[in-house]
Amino acid sequence: MSKSARWDSKDESKHLPIYQHKHNLIQAVKNSTFLVVTGETGSGKTTQLPQYLHEAGFCKKGNIGITQPRRVAAITVAQRVAQEMQCTLGREVGYQVRFDDCTSQDTVVKYMTDGCLLREILADPGLSQYSVVILDEVHERSLNTDILLGLLKKLFSSPAKASKGRSRPLKVVVMSATLETDKLSAFLGNCPVFTIPGRTFPVTCMFGTAVGPKDTESTGYVKEVVKMALDVHSSEMFRACDLLFEKAEAIDYRYDVQDQTVEGLLILPLYGSMPTDQQRQIFQPPPPGIRKCVVATNIAATSLTINGIKYIIDSGFVKQLNHNSRVGMDILEVVPISKSEAQQRAGRAGRTSAGKCFRIYTKEFWEKCMPEYTVPEIQRTSLTAVVLTLKCLGIHDVIRFPYLDSPEERFILEALKQLFQFDAIDRRGRVTQLGELMVEFPLHPGLTRAVLKAASLSCQDMLLPVAAMLSVENIFIRPGHPDKQKEADKIHRALAAKSGGMNDFATLLTVFQLCKSSDRPSEWCRQNWIHWRALKSAFSVETQLREILLRLQQRDFPVETFDGNKGELFRQCLCTGYFTNVARRSVGKVFCTMDGHGSMVQIHPSSSLFDQEAELNWVIFHDVLVTSRVYIRTVCPIRYDWVKDLLPKLHEVDVYELSSVAREEVTDEEMMKWETREAAKRQPEVSAEDVMKKLEKRNNEATVSDARARYLQRKQQRQQNKAL
DNA sequence: GAGCACTGC
């Protein structure tokens, strides 16, 4: 980087909208504990505020920490700021993300992912090395950021804790897009809100006619989006401009579009397995006389910046993975987006000039079907790991933790139940010794439980790779071409056969080992239709897990002896973590889960156990996915004997007692309310009020997805009955 | 006889 370029970037920052507020911003941070800073993208708040605070002397007694929900953002922003501050990245300015710690003793301005700061809090609850903590992109409502918000709020509810070990009180800045800033301020004790004007151009939004209030589960939206793209292309005057439409499965359609030979229309679908050179093309300006059209999933909403987008086509839908605690399953479903999400999509057209947004849905759909805000992740995800983290931080009352938006109580109770089943907490909800070990692993607690069991029996070499393989994206490639597909399937079956042919977990272990010991691992992957990129990250994860385990084994670590059949050791370890995911075959290909829900499930066709059902009785599985049917994926047959002693644990749980530690740290008044509510729940009689509440609830989205899950189960049952 | 958003430790 030449000297003049450095000065340019420094100079440029003076033209950012935030620059004229520099003095007032510094004062605002000095004047109060919490501050909400709001401003649209392009205001410069992420790169400039930490520099202003650094200049103002906030790093003299403590560091400035800035969180981001995504790794790439943490890294690129840190690079940018290091450049502006004319220092080497990793010295005064650094970043930390998983697998990549670019900080040193000198680092005073540290960008990191929200998950990393949460880990730091686990080791140092008072965040004693920081003078300022800045949470960025809070409006995205990522799970970790939401938890951090609550933790920071709680830190100041006990002043002794907040000032412990520090000479100057900690300052907290919360940065968010303009939405919901009043709510944030109210949550943080009515703290001041500092607004920075953005630098965006107007976007005109137009409603369509294709999708109305009746289409809450749209199926035809892809076609409509393509039609709209062609309309826009032919009716809007051609200039060198881009077009972005979100959330479309365009791979099947792009040829149709090209067949209609719209001259110069270039469609670039964004796919994970896309070659790197093609990926680069997306960010390049199109050749002269060619209009670029980018088809994107919702990755474009947050993770991608493509310059010069002028038109947006908004399908109005998103594919979302929702956890449903009532049926104990994750459901991947297509749902309408929220109004705030639609506004964000539209905003992508106004970054460099005025733009237009074409919505395929009607104004009525907007009004009747689209919620104001997206349901935050904390309300639609499994909370098992989060609850364990909170408990390990000494927050026993996880129900009345200060959530910006509280998850439903049954989500929390389900998490407590699971933690009890994995021996992470005791009957009264207190963290066990095992739980203290478990929280150290960046894995689902069930998987962690299996790893710890294996480690206590000195066979971690079998479980660590499996845990790593299950925490990265799917490693098996399934090509679209029928011939290639057959070839890939054949090779994958052969890999399964090498592992005994009856255990999907063992297949993962085999793939891991074969690739790792290969001389040319990337070539091995190519030949075996395995994602090299995914496997590489599995290698990193395995190394990380192994390091954590080694560190924990220096401490007081359980040692057990195994007196069973050695060949069954692997599967018995798995049972310790997966006995909650146990199913027994009922009729034909249908299995019935034994977790209390008694759901009817089938083995996914990608499993090596598919079509072998007749030989099976009891199985454990890694996950359930509801699509056209209710499928279990990554399956392993087990003996009833191995889970017999564990199964009662599934039913003997008393959630009331599990959440009882709560009572030790709350006021009598709060306790009274809590007990009254609990007592009411135990009442078998139904009051009129209850009926009303139930009716109200029926309109909730959660209930809609419940109904969908039940519907799919019934449908599957019917298909099964027909087959018999 | 299948899927098919996206993050994060």
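Per chain, numbering begins at 1; letters A, B, ... match sequence-line order.
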- Task: Classify the angle between the aromatic ring planes of A/Y361 and A/F365 as parallel (below 30°), tilted (30 to 60°) or perpendicular (above 60°).
- Result: tilted

- Task: Assign each of A/F610 and A/L625 to its nearest nucleotide of DNA chain B by heavy atoms, then name whichever residue's nucleotide is nearer the 5' end.
- Result: A/F610

- Note on the structure: Numerically ordered, the residues 488-496 of chain A set in heavy-atom contact under 4.0 Å with DNA chain B is A/D489, A/R493

- Message: If I take atom CZ in residue A/F317 and atom P in nucleotide B/dC4, what distance separates them, rounded to the nearest angstrom?
- Response: 19 Å

- Task: Taking side chain to side chain contact (heavy atoms under 4.5 Å, CB included) as the test, write out the residues that go with A/S176, two or more places apart.
- Result: A/V138, A/H139, A/L184

- Just checking A/S142: base, sugar-phosphate only, or nothing, at a heavy-atom cut-off of under 4.0 Å? nothing

- For residues 468-477 of chain A, the side-chain hydrogen bond (donor to acceptor under 3.5 Å, both in side chains) pairs (sequence neighbours left out) are none

- Output the single nucleotide from B/dA2, B/dG8, B/dA5 whose closest atom is nearest the side chain of A/L321. B/dA5

- Task: Specify the separation, in whole Å, of atom CZ of A/F621 and atom P of B/dA2.
- Result: 19 Å

- Task: Write down the distance between CE (A/M112) and C1' (B/dC9), rounded to a whole number of angstrom.
- Result: 14 Å

- Task: Could you tell me the separation between the CD atom of A/Q602 and the P atom of B/dG3, rounded to a whole number of Å?
- Result: 12 Å

- Note on the structure: Against the side chain of A/H604, the closest entry in B/dA2, B/dT7, B/dC4 is B/dA2

- Short side-chain N/O contact to B/dC9 OP1/OP2 from A/R71, under 4.0 Å: yes

- In whole angstrom, what separates A/N474's CG from B/dA2's C1'? 12 Å

- Among all residues two or more places apart in sequence or in another chain, which pass the salt bridge (charged side-chain N to carboxylate O under 4.0 Å, His left out) test with A/D100? none

- Message: How many whole angstroms separate atom CZ of A/F99 from atom P of B/dG8?
- Response: 11 Å

- Task: Measure from the side chain of A/R70, starting at C-beta and using heavy atoms only, and say which of B/dG1, B/dC9, B/dG8 lies closest.
- Result: B/dG8

- Message: Among residues at least two apart in sequence or on other chains, which ones pass salt bridge (charged side-chain N to carboxylate O under 4.0 Å, His left out) with A/K536?
- Response: none

- Query: Nearest-Å distance, CD (A/E137) to P (B/dT7)?
  - Reply: 14 Å

- Item | Any donor-acceptor N/O pair, A/T107 side chain to A/G90 backbone, under 3.5 Å | yes

- Which whole-number value in Å describes the distance from A/H444 NE2 to B/dC9 C1'? 14 Å

- Verify the contact: side-chain N or O of A/S606 to OP1 or OP2 of B/dG1, cut-off strictly under 4.0 Å; return yes or no. no

- Task: Assign each of A/Q544 and A/P605 to its nearest nucleotide of DNA chain B by heavy atoms, then name whichever residue's nucleotide is nearer the 5' end.
- Result: A/P605

- Which part of the nucleic acid, if any, lies within contact of A/R478, taking any heavy atom under 4.0 Å across all strands shown: a base, the sugar-phosphate backbone alone, or nothing? base

- Message: So, using salt bridge (charged side-chain N to carboxylate O under 4.0 Å, His left out) as the criterion, who are the partners of A/E137 when residues are at least two apart?
- Response: none

